[in-house]
Amino acid sequence: MAKLAFTKSKAFYDQYFRNPNPDKKSTHYCPGCGHGNVHKFIAEALEDFEVVDRSIIISPVGCSVFAYYYFDTGNIQAAHGRAAAVATGIKRTHPHSIVISYQGDGDLAAIGTAELIHAANRGENITIIFINNAIYGMTGGQMAPTTLIGQRTTTTPRGRDVHNEGFPIRVCEMLNSLEAPVYLERVSLHDTKHRAKARMAVRKAIKNQIDGKGFSLVEVLSPCPSGWKMDPVDSIKWIEQEMTKVFPLGVFRDKSKEVESFHFEKPQLPADQITDALGLSQLKVQHFEQSKPEEKYRNPGIKAAGFGGQGILLLGVALAQAGMLEGYQVSWIPSYGPEMRGGTANCHVHISEQPIGSPLVAFPDVLIAMNRPSLERFQNDVKEGGLIIYDSSLIDIEPSRQDVEIMPIPATRMADELGNTRIANMVVLGAYIGYTNALNKETVLATLDTIISRKRLIDINRQAIEKGYEFGYEMKQKASGK
Amino acid sequence: MAKELLKGNYAVVKGAILAGCRNYFGYPITPASEIAEAAAYYMPLVGGTFIQAESEVAAINMLYGAVSGGIRSMTASSSPGISLKQEGISYAAGAELPIVVVDIVRGGPGLGNIAPEQSDYNQIVKGGGHGNYKNIVLAPNSAQEMCDLTMLAFDLAFKYRNPAFILSDGFIGQMMEPVEFPEPRTDFPREDWALYGDAESKKNLISSIYLDPDELEEHNRKLQRKYQEIEENEVRYEEYHLDDAKFVLMGYGIVSRMLRSAVDTLRKEGLKVGMLRPLTLFPFPKKQIKELADRGAAFFVSEMSNGQMVDDVRLATELKVPVYFYGRMGGNVPTTEALIEQIKIYYQKS
Ligand SMILES: Cc1ncc(C[n+]2csc(CCOP(=O)(O)OP(=O)(O)O)c2C)c(N)n1
Ligand code: SF4
C-alpha cells in the first residue's frame, strides 16, 4: 500500500492529516492503482479553474472512500451508491459550489444505478468521475457489473458466465440514450497518450459545471492490480487488450457548445414575502357573531355522507370553516378505516365550544344523508333526540327512527331548479343551519370565497345556501307548530 | 393572528417553510403525498427547492447532501418509504446531520394498506437503521401541532445536530383544523460544521466513518452523551386530570384525542382517570411515568399497533404497577366508546 505520492496541486492537502497512517505524504492506494492518477487530474483542474475553495467532493464507498484524505476542498462521504443523490442535494443547496461525485463501478453501476440514471436524466449540473476497474477493489475482488465475460473474480471463480451474471454494463452508452446529459466520455489510463486524454476529459467535465452546462460524466478505465491479481505492468496491458474491446473509448456525447448556461438561484426572501407566498397574509382576522342555537343544537357532532361527487366533503369543510369564523373549536375529517369501503364519501365535523377530543363522530347528533346507502348505514348511530337530514329527491325510503328529528329535503331537485345538480350539498347545508341556527347564515355565506376555487360558481352556491336556508327555517317553524 | 382551516399534511409544509426549510426531497406515497404536493407548490415560491426523487433511498440521500450545506431541509414519507430511508437516516445520525423526516404512518407490514396505523413506533423511536443511534421523535395530535412540532423539529435537529422525526399518521394528516401560523424565521447563523462551498467552510468533512475501533467507540460515546442531554432537556408531554388520577391513560398522536374524550366522560361518572400524552417519544417522559407509578397509579395504553410504545411505558414503571393495553390495527381506529368500555374493565381490576 501507499507508494504513490502526488506532485502537489493546491487542491491537495500538504499533509494528509486525516489519514491515520503515520506517513502523511502517501496515499492509501495500492501500487499501480488508477485512483491516484485520476485524483491528480481532478486536483489540477480545480486549481487551474480557481475553484478549489468552492468545490465539494463526494467520496463514495469503495477504495476511494478516503478521497477526502487528499482533497483540500469541502468533503462529504456518502453511503454506498448514493453519491449522485448526495451531490444533487448539496449542489441544489449551494448552486455556486462545484460538486464532484467520485464513484467506482460497484458504487455507480450496481447499487447506485438508479441514483446515477436519475441525476443524469434531471441534467444535474454536477460532474461524475466514474472509475471503471471491472471489479470490487475494496471488498477484495468480487464481481462488478462491469466485470468482463469470463473474468475471474472471487464471486465468479469460474469466470463471469453470461447465463448466470449477464453482460458487462456500458455506462456511457446507457446514459447516452437520455436526453439531458451534456457530456459523456470514456477514457483510459493505459498509456501516456491516453492519460493525457483522460486529463483533458476530466477538465472538460469540470469546466462544463463551472459554466452551468449540466450533467457531465467521465468513465475512466482504471487498473486495479490487487483486485485483478496482476502486476501493474500486466494490468495496463489488460486494459488495452481486453477492457477497451468491451468498453470502446471515445466521446459519446458532447452538447457543451450547444446548451445554454443555467444556474439555479436560491434567493433569500424577506419575512413578508414568505407569508405572502404561503397565502398567510391574505388571511383576515374576521369577527363573526356567534350563533345562538337552542341547547340541543349546540356543540354538534355531524356526519355527512353520500356518493363521491356530491360535494359531501366540501359541505363539511364549509361547516368547519364557518364554525372557525364564529370562534368555535372545529375539526373535519374524511371517512376513515372501514367507512372508506363502499364508494361513499363521508366526513365528520365537530363544532364545539370546548376543545375537541376525538375528531370522529361515531354517534352523530346530526346525520346528513345524501343517498340511500348512507341513510341505511348510519341512521341507527344517530343519538337519541338527534337530527337526520336526507335528500328526499334521491332517497326513496324514510328513516325508521322514531326518536329523532327528521327533515326530508328534495335537495337535488331544488339544485336542479337553480340550474346545477352539483350544488345540492349547499342546499342541504343551508337547510341545516336554517333548521338549527347552529351557525349564522352570513358566516356560512362568507366561507364561499375561501372554499370555492372557481369564482364564477360562488354566486350559484350562495343561492343554494339561501334557498336551503329558507326551506330549513320553514320546516323548523312547522315542526315547532309556529 | 388569523387562523387557516387546513389539513395536517399542509400544516407540516407551511410550518417547515416558516421554520426556514428550503429544500424538500420526496417520493410519492399515500397518505404522505400531500406533503410532497404542497412542498412542490410552495418551495419554489420561497426560493426553495423541490425534487421528486426516484426513490425514498435517493430522497434521503439528497437530504443528506442538502443538510451537509447547513440549510434546513426535509423529506416526508409513509411507512414502507421510511423502511427504505433507514440506511440514510443511520448515516445522518452517524454524521450528526440535522435532517428532518416526517412519517405519516400507514398500515403494515408489507404493502399493508393506506389507512392510519401507529406501527412505526419501533422503527423510528428504537432506531430502525443500523448502529447505536437515536432520533428525536415528536408526535403531534392536531393540525396546529403538525405545524408547531415541525418547526420545533428543525430547531431541535439543529440544536443537537441530530435527525428529528415527526411521527404522525394518515388520520392527523387528513384532518382539517384551524391553524395559527407564527411569523417566518429568516436569519439563521452559519453552522460551523457545514459546507457552504467557500474557503471558510471547506475544512469541514461530513462523514460517518471511523475506522479505528477506539475512535468509533468514542464517537458513539459522544452520541450517547448527546442523547442523554436530550433526555434531560427536551421531554415534552401533556397532562390531563392527572392530579388525583389513580388510573393513567397513555397514547400519542390521534389516539390521545380519543383518550381525552374518554377522560371527560369517565370523570363525569366519577372515575379517577387522567391522561399523560407524550409529545416527544424520544426523549420519552420516563420520569413522569415513574412518579405516577410510584404513586401507585395503574396505566392503560392504547395504540393503533400491536403495542409498541407500551413496552417503554412498562420499562418506565419498572413493572411496579399494572400496565394494560388496548390496540387496533389495520387502519381501525379505537373509538372513544370502545376505549371507555375497555378502560372500565381494567379500572375495576386495578
Ligand atoms: C450497503 C452496502 N453494501 C455493501 C457494502 C460493501 N462494499 C463496500 S465497497 C463495495 C464495492 C466497491 O466497489 P467499487 O465501487 O467498484 O469501488 P472500488 O473499490 O473498486 O474502487 C462494497 C460492495 C457497503 N459498504 N454498503
Ligand atoms: S484494490 Fe484496486 S482499486 Fe483498490 S486501491 Fe488497490 S488497486 Fe486500487
- Message: Just so I know, are the side chains of B:Leu211 and A:Phe66 near enough to count as touching, which here means a heavy-atom distance under 4.5 Å?
- Response: yes

- Query: Where the side chain of B:Lys202 meets the backbone of A:Arg54, is there a donor-acceptor pair that is under 3.5 Å apart?
  - Reply: no

- Item | Proximal component of A:Ala78, with respect to chain B [non-hydrogen, under 4.5 Å] | backbone

- Side-chain heavy atoms of A:Pro359 within contact of B:Phe171, under 4.5 Å: yes

- Item | A:Thr275 side chain reached by B:Pro184 side chain, heavy atoms, under 4.5 Å | yes

- Message: I'd like to know if the side chain of A:Thr93 pairs up with that of B:Asn23 as donor and acceptor (distance under 3.5 Å, no hydrogens or angles considered).
- Response: yes

- Query: Taking side chain as C-beta onward, heavy atoms only, is B:Tyr196 less than 4.5 Å from A:His94?
  - Reply: yes

- Straight-line distance of B:Met62 CE to A:Thr88 OG1, nearest 0.5 Å: 5.0 Å

- Query: Would you say the side-chain atoms of A:Arg82 pair up with the backbone N or O of B:Ala58, donor to acceptor, closer than 3.5 Å?
  - Reply: no

- Could you tell me which portion of A:Gln282 (side chain, backbone, both or neither) has an atom closer than 4.5 angstrom to a non-hydrogen atom of chain B? neither

- Task: Output the distance between atom OH (B:Tyr91) and atom CD1 (A:Ile76), rounded to the nearest 0.5 Å.
- Result: 14.0 Å

- Task: Heavy-atom distances under 4.5 Å only: say whether A:Asp72 touches chain B with side chain, backbone, both or neither.
- Result: both

- Task: Pick one of side chain, backbone, both or neither for A:Ile56, based on which atoms fall under 4.5 Å of a heavy atom in chain B.
- Result: side chain

- Taking the side chain as C-beta and beyond, is there a heavy-atom pair between A:Glu124 and B:Ile51 under 4.5 Å? yes

- Query: Where the side chain of B:Ser261 meets the backbone of A:Ser358, is there a donor-acceptor pair that is under 3.5 Å apart?
  - Reply: yes

- Determine whether B:Leu5 and A:Val317 make a side-chain contact, defined as any pair of heavy atoms from C-beta on separated by less than 4.5 Å. yes

- Are the side chain of A:His118 and the backbone of B:Ser55 linked by a donor-acceptor contact shorter than 3.5 Å? no

- Item | Exceeds 12 heavy-atom contacts within 6.0 angstrom, atom CG of B:Asp187 | no

